[in-house]
Number of protein chains: 2
Amino acid sequence: MPSNIMQQISADLESLNRSERKVAEVILADPQAATRSSIAVLARAAQVSEPTVNRFCKRFNTAGFPDFKLHLAQALAHGVPYVSRSVEPDDDSESYTNKIIDATIAALVTAKKTVDPQTINLAVDQLIQAKQIMFFGLGASWPVAQDAQHKFFRFNIPVVAYDDVLMQRMTAAASSTGDVIVIISYTGRTRELVDVAELARASGATVVGITAPNSPLAQHCSIVVEVDAPEDTDVYMPMTSRIMHLTVIDILATGVTLRRGPDFLKHLKNIKDSLKETRYPAK
Amino acid sequence: MPSNIMQQISADLESLNRSERKVAEVILADPQAATRSSIAVLARAAQVSEPTVNRFCKRFNTAGFPDFKLHLAQALAHGVPYVSRSVEPDDDSESYTNKIIDATIAALVTAKKTVDPQTINLAVDQLIQAKQIMFFGLGASWPVAQDAQHKFFRFNIPVVAYDDVLMQRMTAAASSTGDVIVIISYTGRTRELVDVAELARASGATVVGITAPNSPLAQHCSIVVEVDAPEDTDVYMPMTSRIMHLTVIDILATGVTLRRGPDFLKHLKNIKDSLKETRYPAK
DNA sequence: AAGAAATTACGTAAATTTATAACCTTTCCA
DNA sequence: TGGAAAGGTTATAAATTTACGTAATTTCTT
């Protein structure tokens, strides 16, 4: 079944014959309308016969016209564009707001397919029994590392986060079996972090990478949580990548929480409640 | 037209009469299957007559059964869950991985409806002409503030981020007209930050809040970007909220970039390219 | 509180719309 | 000129919807 039928149609437009192309054009012109039309209405709009529309549908691996409409509807769902359009110079605020949210959603949908629960499980295995956990990140990944530290301190395991390359090197070199070092890097190609991973493993620590598959960094980790975001080329700033990394952090933190068992939830609640004093009461 | 028909069905379940509830239950049990069934098959499964199914569909503001299926298909598209189920104690890694990603996506879908592009525009107006920008956040919002700092330094405006309450107070007190202070707080009820907002406004600075609508903090801001996430009660850790805040940061940064015009993209590219030296080449 | 009236719930059957299969005509190329 | 290939016509089957009637439930009397 086609993952996105709109893309398919525009891609295959060339290879269609005359009448079927008419159908394709009518659909592409107003896909929303197509989902609401009957085969008769659509055929008339494209000035072809009904069976032609039906044959067109089957060409795209759908059971028939109703099934085709279902696929079309899915492709149009959420107003998420069938190809997440990138931000254009003359977009207004509404336009770029929606585009960015769409792109982020699209990235997470991809992440859902990419992230391997087995690997998560392995990583949680290590984290749960760590003597000490260290989160390393540079640049845009540094806030991610800090966020992780902010989550994991709750587990009563010594946790630190460093963005200072020298501290990272020294800590990695000084680490030992039972320590877990989590390195967060979008590209996985930052030399410094690859070095750090090597150092850490040489010292006997477990290195968990949250990074791109098959990257130099990935090759030096004990466990790699693969996050394969499309390059954020649009405006030259890391956007969706770090959101995906944060989501991985959430998943790992949840995994550890669950392993700790139900009693541990009380502990978490205490931590949360400790903030009450600092706040105005909820209305 | 219902924004998400699955939510509607589960919400209205109570108010349905006996036969229609049977239909609802069959659909909720396996919505995917429902989209592929004919009205006859569905009626049989629910042990009701076909017109009952049809009436059920119309009750949800759809034209009829086929139209209903279309809405259903849209609600199920992308694997986005209609209600994000919360993590259960005996979930395995696959299960909680998917649940967390789903919850994050659901939050963003909500954000898309909640975030007001007009307000974004106003905030960008202020940011673009700021003499100086300051990002303040505490706890889980501190990494968000840092991330913002990491984005906004590219704009050649002095940008700082503080998580130290005393520094925040002092900076707020010392600020003046033309300074923009962005305060990030999920609840909007942290006393310290409300104080800081008051101080800053008294000094003449513009205060942009990224926080909950109608919160105490919101009341003391010049501009409020409203982010109304459902409480992350599940495991007592902030998860989706900060992702939404980061997305708002992305949107603001994009808005500023676009205002700067096309030449500015070259500048951004230069910054990005400056990292080349530190990396292994892409394969 | 009993029973009549009215409303609502829901099924049967018929009507209508919609989709598909089977078959036929045209076109165009070898 | 034979024969694919494309596309239309007709016929049929399937699915959906409307119309209507009966049973069940609620509401209103007295």
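Naming: A, B, ... by sequence-line order, numbering from 1 per chain.
- The shortest distance between side-chain heavy atoms of B/Glu226 and B/Asn214 does not fall below 4.5 Å.
- Of the residues in residues 42-49 of chain B, not one places a heavy atom less than 4.0 Å from an atom of DNA chain D.
- Residues B/Ser37 and B/Arg18 each lie close to DNA chain D; by heavy-atom proximity, the contact nearer the 5' end of the strand is made by B/Ser37.
- Residues forming a side chain to side chain contact (heavy atoms under 4.5 Å, CB included) with B/Arg55 (at least two apart in sequence, or on another chain): B/Glu20, B/Pro51, B/Thr52.
- Atom pair A/Phe65:CZ and C/dA19:P shows a separation of 5 Å (rounding to whole Å applied).
- For B/Lys69, there are no salt bridge (charged side-chain N to carboxylate O under 4.0 Å, His left out) partners at least two apart in sequence or on another chain.
- Under 3.5 Å, the side chains of B/Arg59 and B/Asn54 contain no donor-acceptor pair of N or O atoms.
- The CG-P distance, from A/Leu70 to C/dT18, rounds to 17 Å in whole Å.
- Between A/Asp250 and B/Lys99, none of the side-chain N atoms (NZ, or NE/NH1/NH2) sits under 4.0 Å from a carboxylate O, so this pair counts as no salt bridge.
- The end-to-end axis angle of the helix from C/dA1-D/dT30 to C/dA30-D/dT1, rounded to 10 degrees and based on five pairs per end, is 20°.
- A 4.5 Å side-chain heavy-atom check between A/Ile249 and A/Ile210 finds at least one atom pair inside the cut-off.
- Nucleotides of DNA chain D that come within less than 4.0 Å of any heavy atom of chain B span, from the 5' end to the 3' end, D/dT16 to D/dT18.
- Within the nucleic acid shown, B/Pro66 comes within 4.0 Å of sugar-phosphate atoms alone, with no base atom in reach, counting heavy atoms only.
- Between B/Asn17 and C/dA9 there is a side-chain polar atom (N or O) within less than 4.0 angstrom of OP1 or OP2.
- With sequence neighbours excluded, no residue forms a side chain to side chain contact (heavy atoms under 4.5 Å, CB included) with B/Pro66.
- The backbone N or O of B/Ala218 sits nowhere less than 3.5 Å from a side-chain atom of B/Thr211 that would complete a donor-acceptor pair.
- A/Arg279 contributes no side-chain N or O that, together with a main-chain N or O of B/Thr190, makes up a donor-acceptor pair within less than 3.5 Å.
- Rounding to whole angstrom units, CZ of residue A/Arg55 and C1' of C/dA19 are separated by 13 Å.
- In this structure, A/Lys22 reaches neither bases nor backbone, as no heavy-atom distance under 4.0 Å exists between it and the strands shown.
- Between A/Ile27 and A/Phe68, some side-chain heavy-atom pair lies under the 4.5 Å cut-off.
- A ring-centre distance under 6.0 Å is not found for B/Phe65 and B/Phe56.
- For B/Arg59, counting side-chain heavy atoms from C-beta on, the closest listed nucleotide (C/dA9, C/dT12, C/dT20) is C/dA9.
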